Structures are given as structure tokens and as C-alpha cells.
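Read through the structure below, which is laid out as C-alpha cells, and then see the notes.
What you are looking at is a predicted structure, and each value in this text was computed from that prediction instead of being measured.
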Amino acid sequence: MAANFVIPTKMKAWVYREHGDVANVLGLDPELKVPELQEGQVLVKVLAAALNPIDTARVKGVIKLPGFSLPAVPGYDLAGVVVKVGREVKELKVGDEVYGFMFHAKKDGTLAEYAAVEESFLALKPKKLRFGEAASLPLVIQTAYGGLERAGLSHGKSLLVLGGAGGVGTLIIQLAKEVFGASRVAATSSTGKLELLKSLGADLAIDYTKVNFEDLPEKFDVVYDTVGEIERAAKAVKPGGSIVTIVKQNKTLPPPAFFFAVTSNRSTLEKLKPFLESGKVKPVIDPKNPFPFSQVIEAFSYLQTRRATGKLVIHPVP
């Protein structure tokens, strides 16, 4: 793309003006105002976005962040091109191909033609990745990495992943092997996704429809729970081990479990860039993808079935 961009005043964006089921409250606004930049932000022409379960929770009003107001544009993950920079932006420049996620987006998210994003949330897109692939990664790869780091996974340790075929799970398996040097990785999924787990590096693929993982004689140094099975996870961890969950609980977590919520950090994306460029760590995108921008409602509906393999991507964005 050329470095000179004509930025319109209005854009297409998916907007909700009240909380409720996505199909009832989310609509396409063809003339939403293009967001104005704060000093430390860049304006990104969004070329691809991705959906996460938190997007559904935000639209439904289950999760409300400080400073949030309606109407709002959903979406956290994006990949695109910088078309304008704020006064305090130090590193990014117009024309840079970037990806990241808009942590604590109070109002305007990524399901739009343009997004104003803090420079600190964005990294240069790996050249090996297409925009749709890049957009699928930021939230899940940073969640996977941060949780493993906090749980103390290191070379030679063993790991059990609950929900290995999901957006976060597929990255946990790969990072555990390629970045953290785990000696053994086990992961759970339904019957049809066991081969995917093995292809990502899992040494043991457990069919949760047939096997109770907590009853296996083998125990693990770290258990990473992406599905909300914390009590069962506690029965699968070794004495002195760690359990990390990304599913918010309405009860006290049994020791040694802790809840992990990711924050957006470009340094993690930069740290993992060599693994993405080499292909040692790969995005996993559901076979139904990509969903065009006009089919965001259909993409949300599929997300809510919880049957997706890896991530759901919206591409191209007009």
C-alpha cells in the first residue's frame, strides 16, 4: 500500500446501541464517524479482525469495563495498515503493517473499517502471515504465553491443556513445546479433533467424551484450563504444581489454581515473532473461515456454538 492515505470522515462499522443477544442488537452502520486519535494512538485501516468469546460477553452486557458507554463497536483483534499517527507515537509510522488487540477498548472496537489503537498494543505483522492469519493471533497467543509464564512452565516439565482445540488451546500446545520446552504435553478435545492436537505437538490427545482426564494415573506439573473445569483440574496436577484458568469463577479457586487475565503487550508479540516467521508456531483458523464483513452476525452465531476449531476471522474488511 502507498504511504499516502485519504481518510474518510465516515466508515462502515458493526454497532450495538443496547445490550442483548448479538443477533438482536448488533447492526451494520454505514456512516459511523471515523474515530479521532489520542496522542499515543495510531489510526489503523482494518483489513482483518477476529472474534473471541469476550466479544459476545461485551455485547450481552455480561462484562462491562470502566468508562464503557453505548453505542459501541465490538471486537479486540485486528490486523491492518497504519494510516495516521498521533503526536506522541514514537515507533510506528504510516504504511506499517501491524497487528494486535485493543485491550480495554472502551467504546470503539475492531469490527469497523478503521480503529484508533494505542501504539503500545501493536506490533509489526510477521511477513510470513497473511492479514487474516495475523488477526487471529493477538489475544489468544498473548493469553497462552502469559498463562504459561505465570504458571512456571519450563524446560522438562509436563502440561495438561483442557480445551486443546480452541483458540487459546491450540496456541498453548505449540508454545509449550516450541517456546517453553515442555517435555510432555497432553490435551483434551472431542473425538474429531484428536488428530489436530497431535499435529500441533501434543504427546497425548485425550478424548473428553470417553475419558475422564482426572482419573488418569499420570499427573502434570501444570494444568491450563480454558474451559472452566477447575475442580477436575485440581485432581490432575502434581503436588507442588500449578493450575491456571482463564475462565472467571464465581467461587474461590482451589489451591494451587489462579485466574489469569491477559493485558495487551506488544513485547510479547515481538518476542514470539521469530517462532511465527519460522512457522514453528502457526495460527489455527476454523475451516469455515474467513467470514466476510457482511456476515459478522453469522460468525458470532458460530462462535456461540463453542464448536469452532481455533479462531474465527472476519476478512476482508471493506
For the NZ atom on Lys84, are there more than 12 heavy atoms of other groups (residues, nucleotides or ligands in this structure) within a distance under 6.0 Å?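 No, because the 6.0 Å sphere around NZ of Lys84 holds 12 heavy atoms or fewer from other groups.
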I'd like to know whether NZ of Lys273 has more than 12 heavy-atom contacts from other residues, nucleotides or ligands below 6.0 angstrom.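 Yes, because the 6.0 Å sphere around NZ of Lys273 holds more than 12 heavy atoms from other groups.
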For residues 300-307, run the donor-acceptor check on the side chains, cut-off 3.5 Å, and write out each pair with its distance to 0.1 Å, sequence neighbours left out.
residue, atom, partner, partner atom, Å
Ser301, OG, Ile297, O, 3.1
Tyr302, OH, Asp286, OD1, 3.2
Tyr302, OH, Asp286, OD2, 3.0
Gln304, OE1, Lys60, NZ, 3.4
Gln304, NE2, Phe300, O, 3.3
Thr305, OG1, Tyr302, O, 2.6
Thr305, OG1, Arg307, N, 3.2

Working to the nearest 0.5 Å, report the span between [atom1] of [X] and [atom2] of [Y].
{"X": "Lys248", "Y": "Ile63", "atom1": "NZ", "atom2": "CD1", "answer": "9.0 Å"}
{"X": "Asp221", "Y": "Arg184", "atom1": "CG", "atom2": "CZ", "answer": "12.0 Å"}
{"X": "Asp207", "Y": "Lys193", "atom1": "CG", "atom2": "NZ", "answer": "11.5 Å"}
{"X": "Ile173", "Y": "Leu148", "atom1": "CD1", "atom2": "CG", "answer": "10.5 Å"}
{"X": "Leu137", "Y": "Leu171", "atom1": "CG", "atom2": "CG", "answer": "6.0 Å"}
{"X": "Tyr76", "Y": "Ile54", "atom1": "OH", "atom2": "CD1", "answer": "4.0 Å"}

Verify side-chain contact (heavy atoms from CB on, under 4.5 Å) between Leu122 and Leu78, making sure each step is shown before the conclusion. CA-CA 9 Å; Leu122 296 171; Leu78 83 163; 4.1 Å; yes
Can you name the side-chain contact (heavy atoms from CB on, under 4.5 Å) partners of Ser69, sequence neighbours left out?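 Testing Ser69 for side-chain contact (heavy atoms from CB on, under 4.5 Å), a comparison that skips the adjacent residues, returns Lys107.
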On the 0 to 90° scale, with breaks at 30° and 60°, tag the Phe293-Trp14 ring pair as parallel, tilted or perpendicular.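 Ring orientation, 0 to 90° scale: perpendicular.
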Same cluster or not: [X] versus [Y], using hydrophobic residues (I, L, V, M, F, W, Y) connected whenever any side-chain heavy atoms lie under 4.5 Å apart?
{"X": "Val222", "Y": "Ile141", "value": "yes"}
{"X": "Val237", "Y": "Val161", "value": "no"}
{"X": "Val185", "Y": "Leu196", "value": "yes"}
{"X": "Leu175", "Y": "Val223", "value": "no"}
{"X": "Val83", "Y": "Val73", "value": "yes"}

Could you pull out all residues at least two apart from Glu270 that satisfy salt bridge (Lys or Arg N to Asp or Glu O under 4.0 Å)?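 Salt bridge (Lys or Arg N to Asp or Glu O under 4.0 Å) check on Glu270 returns Arg266.
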Salt bridge (Lys or Arg N to Asp or Glu O under 4.0 Å) partners for Glu31, two or more places apart: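 Counting only residues at least two positions away or on another chain, Glu31 forms no salt bridge (Lys or Arg N to Asp or Glu O under 4.0 Å).
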As a quick check of understanding, evaluate side-chain contact (heavy atoms from CB on, under 4.5 Å) for Val284 and Leu200, giving each step before the final call. CA-CA 9 Å; Val284 178; Leu200 296 174; 3.8 Å; yes
Do the non-hydrogen side-chain atoms of [X] and [Y] ever get within less than 4.5 Å of each other?
{"X": "Val296", "Y": "Leu26", "value": "yes"}
{"X": "Val89", "Y": "Leu37", "value": "no"}
{"X": "Pro316", "Y": "Phe131", "value": "no"}
{"X": "Leu216", "Y": "Ile206", "value": "yes"}

Could you tell me whether the side chain of [X] and the main chain of [Y] form a donor-acceptor pair under 3.5 Å?
{"X": "Lys288", "Y": "Ile285", "value": "no"}
{"X": "Asn212", "Y": "Glu214", "value": "no"}
{"X": "Gln142", "Y": "Thr268", "value": "no"}
{"X": "Glu119", "Y": "Leu92", "value": "yes"}
{"X": "Thr226", "Y": "Leu162", "value": "yes"}
{"X": "Asp77", "Y": "Leu139", "value": "yes"}

For [X] and [Y], work out which heavy atoms get closest and say how close.
{"X": "Ser158", "Y": "Phe220", "result": "OG-CA, 3.4 Å"}
{"X": "Arg150", "Y": "Phe260", "result": "NH1-CD1, 3.7 Å"}
{"X": "Val313", "Y": "Ser136", "result": "CG2-CB, 3.8 Å"}
{"X": "Pro254", "Y": "Ile230", "result": "CD-CG1, 4.1 Å"}
{"X": "Gln249", "Y": "Gly228", "result": "NE2-CA, 4.1 Å"}
{"X": "Leu51", "Y": "Lys311", "result": "O-CE, 3.1 Å"}

Which residue, Arg130, Lys125, Lys127, forms the salt bridge (Lys or Arg N to Asp or Glu O under 4.0 Å) with Glu97?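 That would be Lys125.
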Any side-chain donor paired with an acceptor under 3.5 Å for Asn265 and Ser267?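 Checked: Asn265/Ser267 side chains pair up, N/O donor to acceptor below 3.5 Å.
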Does the pair Asn52 and Phe101 meet the rule for a side-chain contact (heavy atoms from CB on, under 4.5 Å), with working shown? CA-CA 11 Å; Asn52 297 284; Phe101 79 94; over 6 Å; no
N/O donor-acceptor pairs under 3.5 Å from side chains in residues 238-246, not counting sequence neighbours:
residue, atom, partner, partner atom, Å
Ser242, OG, Ala151, O, 3.1
Thr245, OG1, Asp225, O, 3.4
Thr245, OG1, Asp225, OD2, 2.9
Thr245, OG1, Val247, N, 3.2

Measure from NZ or CZ of Lys157 to the centre of the six-membered ring of Phe180, then state whether that distance is under 6.0 Å and the direction lies within 45° of the axis.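 No, Lys157 does not lie over the aromatic ring of Phe180.
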I'd like to know if Lys128 and Glu277 make a salt bridge, using a cut-off of under 4.0 Å between side-chain N and carboxylate O.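 Salt bridge: no.
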Between the side chains of Glu88 and Lys90, is the shortest nitrogen-to-carboxylate-oxygen separation below 4.0 Å, so that they form an ion pair?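 Result for this pair is yes, salt bridge flagged.
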With side-chain contact (heavy atoms from CB on, under 4.5 Å) as the criterion, how do Thr143 and Tyr224 come out once you've worked through the C-alpha distance, each side chain's angles and the decisive distance to 0.1 Å? CA-CA 11 Å; Thr143 300; Tyr224 200 136; 3.6 Å; yes
Solution key, residues 17-25 side-chain donor-acceptor pairs under 3.5 Å, sequence neighbours excluded:
residue, atom, partner, partner atom, Å
Arg17, NH2, Asp29, OD2, 3.0
His19, ND1, Arg58, O, 3.3
His19, ND1, Val59, O, 3.0
His19, ND1, Gly61, N, 3.4

